[in-house]
Amino acid sequence: MTENPQHSRRCVALIPAAGVGARMAAASPKQYLAIAGKPMLRHTANAFLASPLISHTYIVVSEGDGYIDSVISPDEPGVTVLRCGGATRMDSILNGLRAVRAEVADGDLVLVHDAARPGLTPGLIRKLIDGAGDAPGGGLLALPVVDTVKSTRGEGLATVPRDGLWLAQTPQMFHYALLLRALSEAPDPHAITDDASAVEMLGLSPLLIEGHPRNLKVTLPSDIRIAEMYMAQPDQE
Ligand SMILES: Nc1ccn([C@@H]2O[C@H](COP(=O)(O)OP(=O)(O)OP(=O)(O)O)[C@@H](O)[C@H]2O)c(=O)n1
Ligand SMILES: C[C@](O)(CO)[C@H](O)COP(=O)(O)O
């Protein structure tokens with residue numbers, strides 16, 4: 001039973017999981033690497049399946065993906081695998097949005113979340129929906145920058161003032177119609193690395209909701225042990 005008493009709109013998850021994990025340089029795509037005894041993607045899907053706020057979860061994988069059926073059983077309730085992954089993360093998300101057009105209403109909230117962020121919890125999902133579910137520009141989990149930021153973009157080394165700087169996480173949550181429009185109209189979708197950027201290009205300002213370090217994106221081999229440490233502390237947030 002999905003908890004949704006005060007809204008007619010539903011909340012659905014869309015997990016882009018069609019990457020190759022080049023920076024991880026593993027034998028399989030990183031979303032299938034074992035973390036605390038389970039494939040990374042299983043942890044990520046479980047966070048949404050355990051949330052009473054999420055009506056359905058869609059997972060976008062590459063057309064020739066040979067791993068997914070051993071992680072998500074084809075008849076598993078509450079989750080649908082879409083074999084429409086694209087050349088980039090944004091292509092995969094846009095393909096996924098178009099694939100579910102008949103099942104998702106324009107006013108439904110879509111929570112786009114990286115398969116590579118297995119530390120997500122139902123508590124963080126609720127925090128995002130409660131904090132930004134009614135915001136016209138949607139919202140995303142993010143962490144304020146706590147280190148000094150250096151830049152080598154210009155001549156020599158420069159320090160970038162860190163006040164007001166945040167590191168974007170996912171889920172990034174928007175009404176279905178807005179996100180579909182933003183990604184479809186983005187002038188150069190391959191130049192943007194997150195969904196909020198496309199929404200910002202429409203002149204909207206998604207709300208930043210403080211996430212948690214456990215929700216890190218597992219990108220490099222050194223991230224695996226960090227993720228496993230957090231997996232050992234279930235539902236810390
Ligand atoms: N064409 C792509 C590229 C990425 N992703 C997904 O987007 C998420 C975040 O991307 P990233 O961490 O960059 O994953 P990869 O692209 O696999 O990693 P790399 O850049 O190291 O190859 C991941 O869950 C990844 O599976 C996707 O669905 N389709
Ligand atoms: C969407 C994201 O996780 C927000 O930080 C990030 O932009 C993904 O970047 P990647 O290069 O596709 O991993």
Side-chain angles (χ1 to χ4, degrees), residues 13-33 35 39-48 57-68 71-72 79-100 110-120 124 128 132 138-145 149 165-174 179 182-183 186 188-201 206-224 226-227:
L14 182 73
I15 303 174
V20 298
R23 288 169 285 182
M24 183 62 74
S28 68
K30 65 180 178 183
Q31 58 270 32
Y32 297 110
L33 293 178
I35 290 187
M40 189 186 305
L41 176 57
R42 187 72 250 183
H43 288 288
T44 306
N46 285 351
F48 288 109
T57 296
Y58 298 97
I59 302 176
V60 179
V61 300
S62 60
E63 193 174 343
D65 184 299
Y67 303 89
I68 188 66
V71 177
I72 304 288
V79 57
T80 301
V81 173
L82 306 169
R83 289 181 176 275
C84 60
T88 67
R89 178 180 183 279
M90 307 323 287
D91 290 335
S92 296
I93 293 162
L94 189 49
N95 291 348
L97 289 173
R98 288 169 172 159
V100 301
V110 180
L111 287 77
V112 181
H113 183 69
D114 299 326
R117 293 182 186 269
L120 184 68
L124 285 170
L128 176 60
L140 61 145
L141 295 181
L143 288 180
V145 170
V149 180
L165 292 187
W166 294 68
L167 298 176
Q169 296 186 328
T170 65
Q172 302 197 1
M173 175 185 68
F174 311 95
L179 183 54
L183 295 182
D188 183 2
H190 294 185
I192 57 178
T193 56
D194 78 337
D195 312 278
S197 301
V199 173
E200 293 156 35
M201 289 175 188
L207 296 184
L208 297 181
I209 304 298
E210 187 160 352
H212 194 282
R214 66 170 293 128
N215 189 33
L216 78 153
K217 183 162 62 76
V218 178
T219 307
L220 305 170
S222 55
D223 296 328
I224 296 279
I226 298 170

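All of these numbers come straight from a predicted model, not from anything done at the bench. Numbering of ligands and ligand atoms starts at 1, following listing order.
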[X] side chain near [Y] side chain, heavy-atom distance below 4.5 Å:
{"X": "F174", "Y": "L183", "result": "no"}
{"X": "L41", "Y": "I68", "result": "yes"}
{"X": "I72", "Y": "R42", "result": "yes"}
{"X": "V112", "Y": "T170", "result": "no"}
{"X": "V20", "Y": "P29", "result": "no"}
{"X": "I224", "Y": "M24", "result": "yes"}

When you measure from the side chain of R23 to the backbone of T219, do you find a donor-acceptor pair of N or O atoms at a distance under 3.5 Å?
no
Nearest 0.5 Å, what's the [atom1]-[atom2] distance between [X] and [Y]?
{"X": "M173", "Y": "I209", "atom1": "CE", "atom2": "CD1", "value": "7.5 Å"}
{"X": "M40", "Y": "I35", "atom1": "CE", "atom2": "CD1", "value": "4.0 Å"}
{"X": "L141", "Y": "H113", "atom1": "CG", "atom2": "NE2", "value": "8.5 Å"}

Work out which heavy atom in A99 is nearest to a heavy atom in C84; give both atom names and the distance.
CB-SG, 4.3 Å
Using every non-hydrogen atom in the two residues, find where A115 and Q31 come nearest and quote the distance to one decimal.
CB-CB, 4.0 Å
I'd like to check which ligand 1 atoms, numbered from 1 as shown, lie under 4.0 Å from a non-hydrogen atom of [X].
{"X": "S92", "result": "1 (N), 2 (C), 27 (C), 28 (O), 29 (N)"}
{"X": "A22", "result": "19 (P), 21 (O), 22 (O)"}
{"X": "A116", "result": "24 (O)"}

Got the closest protein heavy atom to [atom], with its distance?
{"atom": "atom 6 (C) of ligand 2", "result": "T193 O, 3.7 Å"}
{"atom": "atom 13 (O) of ligand 1", "result": "R23 NH2, 2.8 Å"}
{"atom": "atom 26 (O) of ligand 1", "result": "G19 N, 3.0 Å"}
{"atom": "atom 5 (O) of ligand 2", "result": "A168 O, 2.7 Å"}
{"atom": "atom 1 (N) of ligand 1", "result": "G86 O, 2.9 Å"}
{"atom": "atom 9 (C) of ligand 1", "result": "D114 OD1, 3.5 Å"}
{"atom": "atom 28 (O) of ligand 1", "result": "A18 N, 2.9 Å"}
{"atom": "atom 12 (O) of ligand 1", "result": "K30 NZ, 2.8 Å"}
{"atom": "atom 10 (O) of ligand 1", "result": "R89 CD, 4.2 Å"}

Using a 3.5 Å cut-off on N or O atoms only, is R117 in polar contact with ligand 2?
yes
Test of proximity, K217 against ligand 2: N or O pairs below 3.5 Å
yes
From the candidates A17, G96, G21, the one that places a heavy atom nearest atom 17 (O) of ligand 1
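Of the listed residues, G21 has the closest heavy atom.
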Out of D114, L143, T88, indicate the one that has the non-hydrogen atom closest to atom 2 (C) of ligand 2.
D114
Report the part of A87 in contact with ligand 1, treating N, CA, C, O as backbone and CB onward as side chain, heavy atoms under 4.0 Å; options are side chain, backbone, both, neither.
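Backbone only; the side chain of A87 stays clear of ligand 1.
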For ligand 1, is any non-hydrogen atom under 4.0 Å from R117's backbone (N, CA, C, O), its side chain (CB onward), both, or neither?
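Neither part.
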Do any nitrogen or oxygen atoms of [X] come within less than 3.5 Å of a nitrogen or oxygen of ligand 1?
{"X": "P16", "value": "yes"}
{"X": "T88", "value": "yes"}
{"X": "M24", "value": "no"}

May I ask whether V60 has any heavy atom positioned less than 4.0 angstrom from an atom of ligand 1?
no
Flag for S197-D194: side-chain donor and acceptor within less than 3.5 Å:
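Judged by distance alone, the side chains do pair up.
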Go through the steps for L120 and Q169 under the test side chain to side chain contact (heavy atoms under 4.5 Å, CB included), then give the verdict.
CA-CA 10 Å; L120 184 68; Q169 296 186 328; over 6 Å; no
Using the salt bridge (charged side-chain N to carboxylate O under 4.0 Å, His left out) rule, collect all pairs that involve residues 79-90, keeping only residues at least two apart or in two chains.
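Found D69-R83, R89-D114, R89-D195.
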In ligand 2, the atoms that come under 4.0 Å of a heavy atom of D194 are 1 (C)
Would you mind listing which atoms of ligand 2 come within a distance below 4.0 Å of any non-hydrogen atom of R89?
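Selected atoms, number and element: 1 (C), 12 (O).
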Examine the proximity of ligand 2 to R23 and report which part, side chain or backbone, both or neither, has a heavy atom under 4.0 Å away.
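Contact part for R23 vs ligand 2: side chain (C-beta onward).
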